[in-house]
Every structure is written in structure tokens, then in C-alpha cells.
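In what follows, a structure is listed as C-alpha cells, so that the remarks can point back to it.
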Amino acid sequence: MSKKMKRRDFMRNSAVAGLAIAATKSEVTGFPMILTQGAVKPLVVSSANGNRFKNGGTLTAVQKAFTMMTEGADVLDSLIAGVNIVELDPLDDSVGYGGLPNAEGIVQLDSSCMHGPKKRAGAVGAIEGVRTPSLVAKAVMENTDHHLIVGKGAQDFARGMGFKIEDDLNTDNSRKQWLEWKRRIDPQHYLDPKKRAEAGHKAALEMYALGLLREENLHGTINCDGINSRGEICGVTTTSGLAWKIPGRIGDSPILGAGLYVDGAVGAAGSTGRGEANLYNLCSFVIVEEMRRGAHPKDAGMEVLKRIKNNTVEKRLLNSRGLPNFGINFYILNAKGEFAGVTMYEGQSFAMCNENGPQTLKAEGLLQGKPTD
Ligand code: GLY
């Protein structure tokens, strides 16, 4: 079957599914929903890896999420089923199984999810042994009074919920990368902690400059947000966090308002890139608040990028031009179905899926050049 044919089928199926929704009840409220003219067009937006990895199947994350959503599944269930593809794919070494491990060679994962209509959220931080932390985050949301469970407690919780716990989520690739990093920073094994931290940062930047690592490996993550034809908005973010982090380090991904924020009446925003820069500014929350005041998703995203740039003053975080030496990206949609992908340095892309099928689009950049220039 030709590519064109497949796309036509996808559009037809999506359209048929969209019509089917008109006759269904809201998954959330239970009230019958009628699609009127001007109803929101369903849409899924994500980081670029959401339209790259298929884990040996036929659909990328955004395609899977969009298909399920337009067939009437709950928006959050659809988004999580999408990111599960990336979490389980060993080829993405920034998320889930095969994610680059911490400084001790252990894969620790972070994830959060938010359900706009239900106004509920869940998250896990530094969880070990579960390939799909996004599903554990959802279990936190559904089965507890809490928003965030971390470390061994998160693993015990997952075990109790029936998740399979594995001894080691490394793949040959993630272990090889970790060993290379270790060899570079700690040949004697006995550097003092300060030198070790400096050497670790330097080694990672060297590997980045040599093309052994991409920025998305260092802080790689997937964020995926969606809105269905009923205007129901949800989001999920999942990651293995910063490569070779200090064990127990939790980034922005599981922190509501940082790696993800959803307000069902306004929109959703999520992030990939340097988590610490996001945490300091709680950018996803700020983006949603900017949109509440009427800003377009792109302008709201640009506003937080400027804030991050202005709040980055430490020399170790600046390049030779005095600009941030790291990347950070935001994926945003609002209740009207408008969307944007924005990035600190131009040249990044993001993924989107609507009735025309999945697309990888250029993100709007605040700065030109490279973070390392
Ligand atoms: N944004 C992913 C992290 O910093 O952990």
C-alpha cells in the first residue's frame, strides 16, 4: 500500500471515528455529547520523539494517541498509550526502558500526568525497575490521595499495583554509554565529589561536542498533550531524566507546573530539556497562566523562554556569547485547539497529529546558533 493511500485511510478512519464520537457520552461526565459546528478539532502535540519511535509497531506515539482519542477513548488513556510506545522502545535512550542511567549505572525514571476534566494528577520520581512510569503516575492519580511518590516508595507502590518490577532497565546501548562516561570522568574511581561533578559535566559536554551525544539524550524526555473534539485536555510527561545524574535527582518531569501543567479550561504545556532551568521558573504553569490571560500558545512559550534566559546568570551555565549553554523546549496547546512548539535555540522540531495525520514541525526558536557556541 502506498504512503499516500495509508494517509488517506488514516484521515478517513479518523473522520469516521470523529463522527462516532458525536453519538457517545462523555467518558468523563457521562453526559451525552453532541458535536456542533465550531467544536474543537482533536489534536495531539508532543516532543519530536513522539513522531519518531514505533517500538517495532506501525504507529508513533502521536498517531496512537490521536487514533485512540478519536475512537472515543479517554484523552489521558490515549496519550499514555502513545508515550508507552516510546517508553518501551529501547532505541529512545532518553525515556523508559533503555533510558540513560544515573551516575551509578541505574535507570531511574520520572513521570507525571494530568487530567484536565477530572482535575486530577499523579506523578512518580526516581522510580526503578518499571518500564512504563507513566502508567504508575496514572495509578498514583487514580488510586491515591497523593500527587507524587518517589524512590523506593514509588517502586513498592508499583509492585502493589501489579506492575512488573525488573532488576535492571539498562540496554546494551545505555550501559555502553554509561561506561564511556564513567571511563572519562573517573578512571581511578576516587575523585573527590566536587572534582567528580565538574569532570562529569565537562565529560558530558565533550561527548556532546564530539557528536557522541545529542542534547535530547542528556535531558531527553517525551511530553504529549491532547485535546479531543469535546474540548477535553490532558497531558503526560515521562523521562529517564538527566543522563548520569546524581542518584535520586528528580527533574522537572514529575513536578506539576514544571514538566507538565494542564488546566482543562485553558490548555496544556509540557517540557523537555534542562529540567533545573524549568523548575526554577515553573514554566508550564506560567505558560498556562499566560494563555489564560489570552496569549497565543507560541507567545506564552516565548515568554517563559525569555524568563529562563534572563534568570540564567551562573557562568557555568553560559556559553561564550553569555547565553544559556543548554536546550529547553515546550509543547503547548490551548482550549481552542491552537498549538505551538517552542525552543531556546532554533533548529529543534516537535510532533503533532490531527485529522491530516502525524507531522514533524519546526519549533519556534528564541535564540540563533547552538547552545555550545
Ligand atoms: N527534562 C528532563 C529532565 O531534566 O529530567
Side-chain angles (χ1 to χ4, degrees), residues 46-50 83 86-87 92-96 98-103 106-114 123-128 133-134 136-137 148 150-151 154 169 174 177-178 181 197 200-201 204-205 208 213-225 235-261 268-287 301 304-305 308 311-312 316-317 324-332 341-345 348 350-351 363 371:
S46 94
S47 39
N49 47 357
V83 301
V86 184
E87 290 175 320
D92 189 326
D93 58 13
S94 73
V95 176
L100 293 180
N102 67 20
I106 296 165
V107 180
Q108 289 185 327
L109 306 172
D110 301 334
S111 182
S112 62
C113 63
M114 291 185 80
V124 285
I127 186 171
E128 297 173 15
S134 61
V136 189
L148 175 61
V150 305
L169 294 186
S174 62
Q177 295 265 38
W178 171 70
W181 177 80
H201 188 61
L205 287 179
Y208 177 56
L213 273 179
R214 288 168 290 129
E215 169 65 26
E216 60 258 40
N217 296 107
L218 274 184
H219 296 99
T221 300
I222 180 167
N223 160 251
C224 192
D225 311 301
V236 60
T237 301
T238 177
T239 188
S240 50
L242 174 66
W244 313 306
K245 58 199 170 188
I246 293 173
R249 176 264 190 190
I250 288 174
D252 57 329
S253 301
I255 305 299
L256 308 182
L260 176 70
Y261 195 73
S271 180
T272 64
R274 183 177 155 76
E276 282 72 9
N278 184 1
L279 279 167
Y280 191 79
N281 298 281
L282 288 179
C283 295
S284 294
F285 179 74
V286 173
I287 288 172
V304 299
L305 289 172
I308 292 174
N311 282 341
T312 303
R316 70 188 175 91
L317 297 174
N325 63 10
F326 53 82
I328 186 157
N329 318 290
F330 295 92
Y331 315 96
I332 310 161
V342 301
T343 178
M344 185 63 85
Y345 284 92
Q348 303 300 312
F350 70 105

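Counting convention: from 1, in listed order, for ligands and their atoms alike. Numbering of residues begins at 1 and proceeds along the displayed sequence. On a predicted model such as this, the values are computed, not experimentally measured, just so you know.
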For ligand 1, which atoms, with element, lie under 4.0 Å from some heavy atom of S253? 2 (C)
How does T221 reach ligand 1, if at all, at less than 4.0 Å between non-hydrogen atoms: by side chain, backbone, both, or neither? side chain
D110 side chain to S253 backbone, donor-acceptor under 3.5 Å: no
For A351, which residues count as a side-chain contact (heavy atoms from CB on, under 4.5 Å) partner, sequence neighbours excluded? S46, N51, V62
Knowing that exactly one of T221, N329, T343, D252 qualifies, which makes a side chain to side chain donor-acceptor pair (under 3.5 Å) with T272? N329
Before accepting this row, confirm whether a basic side-chain N of the pair K245/E276 lies closer than 4.0 Å to the acidic partner's carboxylate O. no
So is G275 polar-close to ligand 1, meaning N/O to N/O under 3.5 Å? yes
Taking a cutoff of less than 4.0 Å between a non-hydrogen atom of the residue and any ligand atom, is R249 in contact with ligand 1? yes
Which of the numbered atoms in ligand 1 are under 4.0 angstrom from any heavy atom belonging to D252? 1 (N), 2 (C), 3 (C), 4 (O), 5 (O)
Taking N or O atoms only and a 3.5 Å limit, does S271 qualify as a polar contact for ligand 1? no
Purely on distance, is any nitrogen or oxygen of G241 under 3.5 Å from one on ligand 1? no
Under 4.0 Å from one or more heavy atoms of L242, ligand 1 contributes atoms 5 (O)
Could you check whether E87 and S134, counting side-chain N and O atoms only, form a donor-acceptor pair closer than 3.5 Å? yes
Would you please say whether a donor-acceptor pair under 3.5 Å links the side chains of S271 and Y331? no
Please step through side chain to side chain contact (heavy atoms under 4.5 Å, CB included) for the pair V124 and L109, ending with a clear verdict. CA-CA 8 Å; V124 285; L109 306 172; over 6 Å; no
Would you mind listing which atoms of ligand 1 come within a distance below 4.0 Å of any non-hydrogen atom of G273? 1 (N), 2 (C), 3 (C), 4 (O)
